[in-house]
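Worksheet: one structure, shown below.
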Number of protein chains: 2
Amino acid sequence: MGRQSTEMLKGVLEGIVLTLLSSRPAYGYEITARLRDQGFTDLAEGTVYALLIRIEQRGLVHVEKVASEKGPPRKVFTLNAHGREYLTEFWRTWSFLTERLDQLREEGA
Amino acid sequence: MGRQSTEMLKGVLEGIVLTLLSSRPAYGYEITARLRDQGFTDLAEGTVYALLIRIEQRGLVHVEKVASEKGPPRKVFTLNAHGREYLTEFWRTWSFLTERLDQLREEGA
DNA sequence: ACCTGGTACACAGTAACGCTAGGTACCGCC
DNA sequence: GGCGGTACCTAGCGTTACTGTGTACCAGGT
C-alpha cells in the first residue's frame with residue numbers, strides 16, 4: 001500500500017500482533033498468514049519474525065517449541081502478564097491518537 | 001507518553017501536520033505550539049521542523065517567508081494541490097488501519 | 001532420483017522517522 | 001546587561017518495517 005502505510009505500521013504492528021496473541025497462542029508463520037488474510041497483503045514475513053524476537057526479548061510472551069506435522073518445529077508464542085499490561089497501554093495510546101485525529105478531521109472539514 | 005506513542009506517531013504526524021495546513025497556512029513554531037495544546041505535550045520542536053523540510057522537499061507545500069513582529073521571519077507553509085492529494089491518500093490509509101484495529105479489538109474481546 | 005511447492009524460521013543490510021541536544025538570531029522588558 | 005519569549009536549524013541516535021537471502025523439512029509429481 002505504499003510508503004504511508006509502511007510508516008504508519010510502525011509501533012502499531014506490534015500492538016496488532018499482541019492483540020492476536022491475546023485471543024490465543026500462535027506461531028510466526030500463522031500470524032503472517034492471518035494478517036495477510038485480514039488485508040495486510042504486503043506484510044513481509046521477515047517483519048513478523050523480527051517483531052516476535054523483539055517482544056520475546058522484552059519478556060512480553062512465553063515461548064514454546066512445538067513439533068509440526070509438516071516442516072520444522074513451530075515457535076508458539078503465548079502472551080504473559082507483562083504482555084497483557086503492555087497491550088492495555090497500547091490501546092490507551094491508540095485511543096488517544098484516534099481521538100486526536102477524529103477531532104482534527106472534523107475541524108479540517 | 002513513552003516509547004509506544006513515539007513509534008505510533010511515525011507516518012501519522014505527517015498526516016496531522018498536513019491536515020492542520022489544510023485548514024489554514026501556518027509556520028513551524030505555531031504548529032508545534034498548537035499540537036502541544038492539543039495533547040501532544042512531549043512533541044519535540046526539532047521533529048516538526050524536520051518534518052516540514054521533508055514535506056517541502058516532496059513538493060506538498062508552498063513556502064513563503066513572512067516578517068514577524070517578534071523574532072526572526074516566519075516560514076509560512078501552505079498546502080498545494082499535490083499535498084491535498086497526498087492528504088486524501090493519508091486518510092484512506094488511516095481509515096484502513098482503524099477499521100482493522102477496531103475489528104481486532106472486538107474479536108480479541 | 002529430481003524438483004517443485006508449501007511449511008517454518010532466521011539474519012544482514014537499508015530506509016524512514018521521531019527524539020535528543022544542542023545552536024543561532026531577533027526582540028522587549030526589567 | 002541579562003532574561004525570557006519568539007522563530008528557525010542541524011548532527012547524531014535508536015527503533016522499526018522492508019528487502020533479499022538462506023536454511024530445513026516434508027509431500028507429491030514426473
Side-chain angles (χ1 to χ4, degrees), chain A residues 1-18 25-37 40-58 60-61 63-77 86 90 93 97, chain B residues 1-18 25-36 40-58 60 63-77 86 90 93 97:
Chain A
M1 293 199 47
R3 230 181 42 73
Q4 283 190 344
S5 63
T6 292
E7 286 308 320
M8 268 193 239
L9 264 187
K10 296 200 175 176
V12 179
L13 186 58
E14 190 177 277
I16 291 175
V17 170
L18 289 175
Y27 55 98
Y29 190 81
E30 179 194 2
I31 292 170
T32 306
R34 273 210 258 167
L35 289 176
R36 283 184 174 158
D37 279 350
F40 299 96
T41 49
D42 294 346
L43 184 64
E45 225 187 325
T47 299
V48 173
Y49 285 110
L51 190 157
L52 288 171
I53 288 173
R54 285 200 299 272
I55 65 176
E56 178 184 356
Q57 282 172 349
R58 283 200 213 118
L60 306 179
V61 287
V63 184
E64 203 171 356
K65 283 233 169 182
V66 177
S68 165
E69 320 84 50
K70 14 177 72 181
R74 299 166 175 166
K75 269 183 78 175
V76 175
F77 294 80
Y86 193 85
F90 166 81
T93 308
L97 247 195
Chain B
M1 293 201 47
R3 229 179 43 72
Q4 282 190 342
S5 63
T6 291
E7 287 306 321
M8 266 194 240
L9 265 188
K10 297 207 173 169
V12 180
L13 185 58
E14 191 177 274
I16 292 176
V17 170
L18 290 176
Y27 54 97
Y29 191 80
E30 180 193 2
I31 292 171
T32 307
R34 272 210 258 166
L35 289 176
R36 282 184 175 156
F40 299 97
T41 50
D42 295 346
L43 184 64
E45 225 187 326
T47 298
V48 173
Y49 285 110
L51 190 156
L52 288 172
I53 288 173
R54 283 200 301 272
I55 64 177
E56 180 185 355
Q57 283 173 347
R58 284 199 210 117
L60 307 179
V63 185
E64 203 171 355
K65 282 231 170 185
V66 177
S68 165
E69 321 84 49
K70 18 177 69 180
R74 299 166 175 165
K75 267 183 80 175
V76 175
F77 295 80
Y86 194 84
F90 167 80
T93 307
L97 247 194

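Numbered from 1 within each chain, the chains take letters A, B, ... in sequence-line order.
The nucleotide whose nearest atom lies closest to any side-chain atom of B:R54 is, among D:dA7, C:dG18, D:dT15, C:dG18. Picking from C:dC17, D:dT6, D:dA17 the nucleotide with the shortest atom distance to the side chain of B:R74 gives D:dT6.
Side-chain N/O atoms of B:K10 and base N/O atoms of D:dT15 include a donor-acceptor pair closer than 3.5 Å.
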Nucleotide by nucleotide, nucleotides 19-30 of chain D touches protein heavy atoms under 4.0 Å in the pattern (B base, S sugar-phosphate only, - none) B----BB-----
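In this structure, the CZ atom of B:R34 is 13 Å from the P atom of D:dA7, given to the nearest Å. Rounded to whole Å, the distance from CG on B:L13 to C1' on C:dG18 is 8 Å. Note: CE (A:M8) to P (C:dG18) measures 11 Å, nearest angstrom. Counting to the nearest Å, the C1' atom of D:dA17 and the CD atom of A:E14 are 12 Å from each other. Look at CZ on B:R36: it is 14 Å from P on D:dA7, rounded to the nearest Å. Here the C1' atom of nucleotide C:dC9 and the OH atom of A:Y27 are 12 Å apart, to the nearest Å. Atom CZ of A:F40 is separated from atom P of D:dA17 by 12 Å (rounded to the nearest Å). Taking atom CG on B:L51 and atom P on C:dG18, their separation rounds to 6 Å, with Å as the unit.
The two residues B:K70 and B:S68 have their closest heavy-atom pair at O-OG, 2.7 Å. Here the shortest heavy-atom pairing between B:F90 and B:I16 reads CZ-N, 4.5 Å. A:Y29 and A:Y49 make their closest contact through N-OH, 3.3 Å (heavy atoms, listed as atom of the first residue, atom of the second, distance).
The side chain to side chain donor-acceptor pair (under 3.5 Å) search around A:E56 returns A:K75, not counting sequence neighbours.
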- [ ] Just do the side chain to side chain contact (heavy atoms under 4.5 Å, CB included) check on A:T6 and A:D42 with the steps written out, would you?
- [x] CA-CA 10 Å; A:T6 292; A:D42 294 346; over 6 Å; no
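Here the side chain of A:E7 pairs no donor or acceptor atom with the backbone of B:K10 at under 3.5 angstrom. Although no hydrogens or angles enter the test, the distance criterion places no donor-acceptor pair under 3.5 Å between the side chain of B:Y86 and the main chain of B:G15.
Between C:dC9 and A:Y49, a contact under 4.0 Å exists linking OP1 or OP2 to a side-chain N or O. For B:K75 and D:dC9, the shortest distance from a side-chain N or O to OP1 or OP2 is below 4.0 Å. Put simply, B:S68 has no side-chain N or O that comes within less than 4.0 Å of OP1 or OP2 on D:dT6. Between B:R3 and D:dT16 there is a side-chain polar atom (N or O) within less than 4.0 angstrom of OP1 or OP2.
Summary of the strand contacts: B:G28 and A:E7 both lie near DNA chain D, and taking for each the nucleotide with the nearest heavy atom, the more 5' one is attributed to B:G28. Judged by closest nucleotide on DNA chain D, B:Y29 is the one of A:R58 and B:Y29 placed further toward the 5' end.
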